[in-house]
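Take a look at the structure below.
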Amino acid sequence: MQRFITPLSVIGLPGLFKTHRLFTFPHPLFFNHKTPFLPYFRTRLNNRFMRPIQMVDLKQQYLAIKQEVDAAILDVLDSSAFINGKPVQELAADLSRYLGVKHTIPCANGTDALQIAMMALDLQPGDEVITPSFTYIATTEVVALLRLKPVFVEVDPKTFCIDPEAIRKAITPKTKAIVPVHLYGHVCNMEEIMKIAAEHNLFVIEDNAQAIGSDFTYSDGTKKKTGSIGTIGCTSFFPSKNLGCYGDGGAIFTNDDALAEKLKMIANHGQKVRYYHEMVGCNSRLDTVQAAVLKIKLKKLGEYIAARRKAADYYDNAFAGHKHITTPYRASYSNHVFHQYTLTLDGYNNVAEVRNGLNEYLAAHKIPSMIYYPVPAHRQKMFAAFGGGDYNLEITDWLTDRVISLPMHTELEEDQLQFITSKVLEYLKSKS
Ligand SMILES: Cc1ncc(COP(=O)(O)O)c(C=O)c1O
């Protein structure tokens, strides 16, 4: 508003036209994204009035809670309890309540959470850990870091999550743990996985980095939050996550008292009493500033998930029935929280080329899109020494050539969704 009342004498006539949008046509007061005439003008005006599209719009999300967040951060600065301040314990209690789990151990990031979880289970070098190959590298990297043996198995092509049948087939006498990853925000079939684990006496470490807030519904109708089902649950608070902080952060969850004690010690140099180190641990803490931010954002998580689902519904409708597009599947036992909205393209001879072309076409129209992940774990050089090259994971390779994730966050607006979907359809039409 300030700009509208600047005296003319101060800025001069040319300046008036340059700086005052009041004199621009069409004026944003009358033609904005809520204007009834917008569909008519849309093509010509889109670039002018639409907010730039981000894969994840952290700035807009921050602006909506700025006052509360700024005050909470100032409180931390005022207290100067930068490490282990009150918000860290408060957040742990809030998360335990939210997930319905007995213990929450905050830590420095999601990768540490997985590493600390595996350290606490006393796994020995050479023990086998079953994981999907179709996941973010952290899930499998920590297995190798601890000199355990990653055993890569297939995912279900519809849910993108680890296939329980593939787990069964991969079990050997050396298998000690399973790491289901709730990929893109879709829940793994935890009932089946926990059954397999019980039959074979295996630990289950849930990688919940992409699905915090989602529920698993058992066949008897009871529900549990992901991260609270396995022996240990792990999550990441990386800024772009559904519950993200303003830096790095993570947390570990368990219902087991003894394990909780051990996880806490490992995250704190193996000590319970200061300077008395009972086991080899590491240094993995969540900063007080991050905990203060997360406490505020946790209260909003339900609202954030609803916004993601609304955007997903829009995408689903726009792409419904398209013969080359499969929209994300929503299994009845999972309530998808859409960390990512990932399409699977099919029916082209050169499908990877078309998919990569779509990625470039969208970029040319200032629409970001991502390929999660361009190289599956078993094909990474990192795992050559772990026999990665010996695997034949056809579904994983099939998906790797076909998936593409579209912008997904809590602040997506209808004009942005309309623009994104129209450009996806426009490009694919040109390829038919
Ligand atoms: C599935 C999965 N596991 C683990 C991690 C690791 O989390 P962080 O980046 O906080 O270490 C991520 C985060 O990107 C992830 O997506």
Side-chain angles (χ1 to χ4, degrees), residues 55-56 58 91 95 104-119 129-146 150 152-153 155-156 159-162 177-188 190 193 204-214 226-227 229-230 232-253 267 282-287 290-291 293-294 297 308 328 334 336-342 370-378 380 382-383 396 399-400 403 405 408-409:
M55 202 63 198
V56 180
L58 295 176
L91 173 73
L95 282 165
T104 296
I105 297 101
C107 65
N109 55 65
T111 310
D112 275 10
L114 289 161
Q115 181 189 321
I116 294 164
M118 287 182 206
M119 288 170 78
V129 177
I130 297 177
T131 86
S133 173
F134 195 69
T135 180
Y136 180 59
I137 199 67
T139 318
T140 51
E141 184 184 33
V142 294
V143 179
L145 188 76
L146 296 174
F152 302 111
V153 301
V155 289
D156 177 312
T159 64
F160 308 112
C161 291
I162 195 163
I178 309 166
V179 189
V181 184
H182 305 303
L183 201 72
Y184 304 152
H186 190 287
V187 187
C188 298
M190 289 309 293
I193 292 169
V204 175
I205 302 163
E206 280 179 270
D207 185 341
N208 198 29
Q210 300 192 6
I212 194 155
S214 61
T226 54
I229 304 167
I232 302 178
C234 298
T235 205
S236 161
F237 300 128
F238 187 77
S240 63
K241 295 291 190 259
N242 287 21
L243 178 60
C245 57
Y246 294 167
D248 273 311
I252 314 165
F253 312 104
C282 57
N283 172 23
S284 191
R285 298 183 282 239
L286 180 74
D287 294 349
Q290 303 306 341
V293 171
L294 286 164
K297 292 187 73 177
R308 285 173 180 273
S334 159
H336 209 313
V337 291
F338 289 101
H339 176 55
Q340 300 298 341
Y341 185 90
T342 305
M370 293 293 287
I371 287 127
Y372 297 123
Y373 298 92
V375 183
H378 74 285
Q380 298 284 356
M382 175 198 274
F383 289 119
T396 296
L399 285 173
T400 301
V403 289
S405 299
M408 173 48 78
H409 55 81

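Both counts, for ligands and for their atoms, begin at 1 and track the order of listing. Here the structure is a predicted model, which means the values were calculated and not measured.
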Please report the interatomic distance [atom1]([X]) to [atom2]([Y]), rounded to the nearest 0.5 Å.
X      : Y      : atom1 : atom2 : value
Phe383 : Ile137 : CZ    : CD1   : 4.5 Å
Thr159 : Tyr184 : OG1   : OH    : 11.0 Å
Leu294 : Asp287 : CG    : CG    : 10.5 Å
Gln210 : Tyr372 : CD    : OH    : 8.5 Å

Atoms in ligand 1 flagged as close to [X], the criterion being non-hydrogen separation under 4.0 Å:
X      : value
Val181 : 1 (C)
Asn109 : 10 (O), 11 (O)
Ala138 : 4 (C), 5 (C), 6 (C)

Between ligand 1 and [X], is the shortest N or O to N or O distance under 3.5 Å?
X      : answer
Tyr136 : no
Tyr373 : no
Ser236 : yes
Gly110 : yes
Asp207 : yes

For atom 16 (O) of ligand 1, grab the closest protein heavy atom and report residue, atom and distance to one decimal in Å.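 Nearest neighbour among protein heavy atoms for atom 16 (O) of ligand 1, to 0.1 Å: Gln210 NE2, 2.9 Å.
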Report the nearest protein non-hydrogen atom to atom 11 (O) of ligand 1: residue, atom name, distance rounded to 0.1 Å.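 Heavy-atom neighbour on the protein nearest atom 11 (O) of ligand 1: Thr111 OG1, 2.5 Å.
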Flag side-chain contact, heavy atom, 4.5 Å: Ile193 against Glu206: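 No. Closest side-chain heavy atoms not under 4.5 Å.
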Quick check: do Thr235 and Lys241 have side-chain heavy atoms less than 4.5 Å from each other?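 Sidechains of Lys241 and Thr235: no contact.
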Less than 3.5 Å apart, any donor N or O on the side chain of Thr226 or Ser214 sitting next to an acceptor on the other?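 Ser214 and Thr226 do have a side-chain donor-acceptor pair below 3.5 Å.
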Checking Lys297 side chain against Gly244 main chain: does a donor-acceptor pair fall under 3.5 Å?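 Looks like yes, one N/O pair under 3.5 Å.
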Just to check, does Lys241 reach to within less than 4.0 Å of ligand 1 when the distance is taken from its heavy atoms?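 True for this residue.
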Of Pro239, Ala211, Ala209, which has the heavy atom at the shortest distance from atom 2 (C) of ligand 1?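 It is Ala209 whose heavy atom sits nearest to atom 2 (C) of ligand 1.
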